[in-house]
Amino acid sequence: MDTKNIGLRGIEVADTRISNIDGKRGKLIYRGYDILDLTKNSTFEETAYLLLYDGLPTKEQLVEFKRKLVEARFIPKQMQINMGNWRKDADPMDMLQAFVSALAGYYDEEFSTKESSYEKAINLIAKVPTIVASWHRIRNGLKLIDPDPSLSHAANFLYMMSGEKPDEGIEKIFDICLILHADHTFNASTFTARQVASTRAHMYSAASAAIGALSGELHGGANTEVMKMLLDIQDIQKVETWIKDAMNKGDRIMGMGHAVYRTYDPRAQVLKELSRKVAVRTGEPWFDITEKIETTTISEMKKQKDRDIYPNVDLYSASIYYMLKIPVDLNTPIFAISRVVGWAAHIIEEKFAEAAPKPALYRPKATYVGKYCGPQGCEYKSLDLRE
């Protein structure tokens with residue numbers, strides 16, 4: 001087997017109109033629009049519309065889309081009651097996966113038309129933040145906060161979490177974070193969503209499966225691991241020793257390097273500046289420590305392995321969320337709050353073959369490297385004859 005293709009690396013499995021990565025040039029495109037342009041000019045709601053409907057909305061379309069999102073924010077009270085029965089130290093991603101899947105028990109699963117799929121997508125995008133915020137309040141014994149229809153998607157989530165409405169500066173910073181995380185072509189969770197959708201499973205099942213894929217530390221869980229690293233280091237004076245020791249042991253430096261980008265991840269460029277802004281506002285040291293981790297890792301990788309390495313999306317997002325007083329174990333659920341837009345767009349594309357016809361079901365081939373006893377297979381021996 002060609003080892004460069006392990007994990008489907010470099011294997012094209014479908015066409016897509018949704019997003020594109022130019023790893024050599026460090027470009028990320030949503031439906032033809034550069035991510036850097038969107039973060040300067042767009043909002044999360046407008047970007048979500050773009051990803052779902054393959055075009056920027058008119059004023060009227062955006063007003064209607066936002067109205068639907070606001071109306072769909074509430075989740076069933078019974079769902080919140082059921083959350084109260086969970087262990088308070090349960091992994092938030094396990095909770096999120098379970099309750100996204102449970103949405104199918106409360107809402108029509110019908111997924112046969114493109115229009116009904118858009119309604120499911122809006123339902124998911126609107127409800128995932130409420131599920132996460134509800135769990136945060138419930139596990140801490142705090143009174144639940146209803147969604148505020150006057151607030152944007154980003155501001156409403158922060159409000160439901162903390163009970164305080166964020167100022168415009170914080171709202172904009174968090175809104176940009178959501179834009180940056182909304183889609184990233186065929187990453188592990190998105191491919192999982194498309195694979196499940198290819199079986200004709202409904203959208204809630206596909207999104208739930210994607211959440212499971214996102215939970216791993218090599219995917220969505222990476223920014224949580226970055227924050228754990230920062231908390232372990234604590235002091236900028238300790239960064240060089242910590243990084244050198246970790247690399248000498250062969251440990252991975254979380255937040256550095258990417259499977260696709262061969263230069264600076266464009267999302268990391270934006271997040272670095274956002275982290276700098278939040279640090280100025282809060283006076284906390286996490287940006288400076290993170291920047292030192294970046295420069296030290298780049299230097300050590302060049303010295304030890306003569307290789308270039310660059311930050312990815314996780315390196316600076318961790319410090320932003322921490323300085324916004326978001327618990328570390330909610331970093332990955334926040335990733336899901338944004339990425340559910342991309343999942344929904346890909347599920348619809350997979351279901352309705354928008355880009356180009358493809359086989360109805362993913363069925364990759366594996367290379368068998370197990371036991372081989374000859375053309376007739378291994379001889380079965382009864383239990384009393386086995387040694």
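All residue numbers refer to positions in the sequence shown, counting from 1.
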Counting N and O atoms only, with roles assigned by atom type, does the side chain of Ser319 sit under 3.5 Å from a partner on the main chain of Phe287, one being a donor and the other an acceptor?
-> no
Could you give the distance from OG1 (Thr113) to OH (Tyr118), rounded to the nearest 0.5 Å?
-> 10.5 Å
Heavy-atom distance under 4.5 Å between the side chains of Val270 and Ile179, does that happen here?
-> no
For Gln78 and Asn82, does a side-chain donor sit closer than 3.5 Å to a side-chain acceptor?
-> yes
Can you check side-chain contact (heavy atoms from CB on, under 4.5 Å) on Leu96 and Val132, steps first, answer last?
-> CA-CA 7 Å; Leu96 182 59; Val132 175; 4.0 Å; yes
Crowding at NZ, Lys325 (>12 non-hydrogen neighbours, <6.0 Å) | no
Closest heavy-atom contact between Pro311 and Asp265?
-> O-CB, 3.4 Å
Charged N to carboxylate O under 4.0 angstrom, Glu71 versus Arg67?
-> yes
Test item: Asn312 side-chain N/O and Gly257 main-chain N/O as donor-acceptor pair under 3.5 Å | yes
What pairs with His136 under ring-ring contact (aromatic ring centres under 6.0 Å, His included), at least two apart in sequence or on another chain?
-> none
Ring centroid separation for Phe174 and Phe44, is it under 6.0 angstrom?
-> no
Approximate separation, where rounding is to 0.5 Å, of Asp37 CG and Asn41 CG = 5.0 Å
For residues Leu38 and Leu50, determine if any side-chain heavy atom of one lies less than 4.5 Å from a side-chain heavy atom of the other.
-> yes
Is there a path of hydrophobic side-chain contacts, each under 4.5 Å between heavy atoms of I, L, V, M, F, W or Y residues, that connects Leu178 with Ile170?
-> yes
Aromatic rings Tyr321 and His181: how do their planes relate, parallel, tilted or perpendicular, breaks at 30° and 60°?
-> tilted
Look at the side chain of Gln234 and the backbone N and O of Leu231, then say whether any donor-acceptor pair between them is shorter than 3.5 Å.
-> yes
Linking I/L/V/M/F/W/Y whenever any side-chain heavy atoms sit under 4.5 Å apart, do Trp86 and Leu103 land together?
-> yes
Before accepting this row, confirm whether a basic side-chain N of the pair Glu273/Lys40 lies closer than 4.0 Å to the acidic partner's carboxylate O.
-> no
Counting only N and O atoms by type, is there a donor-acceptor contact under 3.5 Å from the side chain of Asp235 to the main-chain atoms of Gln237?
-> yes
Output yes when a side-chain donor or acceptor of Arg31 lies under 3.5 Å from a complementary backbone atom of Ser19, and no otherwise.
-> no
Of all heavy-atom pairs between Met254 and Leu315, which one has the smallest distance, and what is that distance?
-> O-CD1, 3.9 Å
When you look at Met323 and Arg281, which way does the side-chain contact (heavy atoms from CB on, under 4.5 Å) test go after all the steps?
-> CA-CA 9 Å; Met323 289 186 285; Arg281 291 175 62 116; over 6 Å; no
Do Ser215 and Gln97 have side chains that get closer than 4.5 Å, going by heavy atoms?
-> no
When you check the gap from the basic side-chain N to the acidic O, do Glu225 and Arg252 get nearer than 4.0 Å?
-> no
Would you give the length of the straight line joining atom OG1 of Thr185 to atom OH of Tyr30, rounded to the nearest 0.5 angstrom?
-> 10.0 Å
Could you tell me whether a side-chain N or O of Thr295 sits under 3.5 Å from a main-chain N or O of Lys292, the two making a donor and an acceptor?
-> yes
Without swapping roles, check the side chain of Lys127 against the backbone of Phe74 for a donor-acceptor pair under 3.5 Å.
-> yes
Around atom NZ of Lys88, are there more than 12 heavy atoms of other residues, nucleotides or ligands at under 6.0 Å?
-> yes
Do the side chains of Leu69 and Ile122 get nearer than 4.5 Å, heavy atoms only?
-> yes
Taking 4.0 angstrom as the limit, do Lys77 and Asp146 come out as a salt bridge?
-> yes
Check the hydrophobic clustering (I, L, V, M, F, W, Y; side-chain heavy atoms under 4.5 Å; chains of links allowed) and say if Leu230 and Met247 are grouped together.
-> yes
Taking all non-hydrogen atoms of both residues into account, name the closest pair between Arg87 and Trp135 and its distance.
-> O-CH2, 3.1 Å
Salt bridge flag under 4.0 Å for residues Glu171 and Lys165 = no
Listed partners of Phe191 passing ring-ring contact (aromatic ring centres under 6.0 Å, His included), at least two apart = Tyr362
Compute both the distance and the angle, then confirm whether Arg262 meets the cation-pi test with Tyr310: under 6.0 Å from the six-membered ring centre, within 45 degrees of the axis.
-> no
Flag the pair Ile75 / Tyr106 as yes when at least one side-chain heavy-atom distance between them is below 4.5 Å, and no otherwise.
-> no
How far does OG of Ser101 sit from NE2 of His202, to the nearest 0.5 angstrom?
-> 6.5 Å
Decide yes or no on side-chain contact (heavy atoms from CB on, under 4.5 Å) for Lys24 and Thr263, but give the supporting numbers first.
-> CA-CA 6 Å; Lys24 291 182 179 179; Thr263 184; over 6 Å; no
Hey, does the side chain of Thr190 reach the backbone of Asn187 with a donor-acceptor pair shorter than 3.5 angstrom?
-> no
Of all heavy-atom pairs between Pro333 and Pro92, which one has the smallest distance, and what is that distance?
-> CG-CB, 3.8 Å
Any residue meeting ring-ring contact (aromatic ring centres under 6.0 Å, His included) with Phe65, in chain and number order, not counting sequence neighbours = Tyr49
NZ (Lys277) with more than 12 external heavy atoms under 6.0 Å | no
Reported OG-to-CZ distance for the pair Ser162 and Arg137, which is rounded to 0.5 angstrom = 7.5 Å
Will you find, in the side chains of Ser275 and Trp286, an N or O donor that is under 3.5 Å from an N or O acceptor?
-> no
Would you say Ser134's side chain and Thr130's backbone share a donor-acceptor pair under 3.5 angstrom?
-> yes
Side-chain contact, heavy-atom cut-off 4.5 Å: Leu28 with Asp34?
-> no
Identify which one of Ile320, Asp314, Thr224, Val226 satisfies the side-chain contact (heavy atoms from CB on, under 4.5 Å) criterion when paired with Asn331.
-> Thr224
How far apart are the closest heavy atoms of Pro266 and Ile35, and which atoms are they?
-> CB-CG2, 4.2 Å
Going by distance alone, is a donor N or O of one side chain under 3.5 Å from an acceptor N or O of the other, for Thr16 and Glu349?
-> yes
Determine, step by step, whether Tyr159 and Ile145 satisfy the side-chain contact (heavy atoms from CB on, under 4.5 Å) criterion, reporting the C-alpha distance in whole Å, the side-chain angles of both residues, the deciding distance to 0.1 Å, and the verdict.
-> CA-CA 8 Å; Tyr159 167 65; Ile145 297 173; 3.4 Å; yes
Indicate the ring-plane relationship of His184 and Tyr261, choosing parallel, tilted or perpendicular according to the 30° and 60° boundaries.
-> tilted
Taking everything shown except Gln304 itself, do over 12 heavy atoms lie less than 6.0 Å from its CD?
-> yes
Hey, are the side chains of Lys120 and Ile347 touching, using non-hydrogen atoms and a 4.5 Å cut-off?
-> no
Going by heavy atoms in the side chains, are Arg386 and Tyr380 under 4.5 Å from each other?
-> yes
Would you say Thr282's side chain and Val278's backbone share a donor-acceptor pair under 3.5 angstrom?
-> yes
Nearest heavy-atom contact between Val313 and Leu271 is O-CD1, 3.2 Å
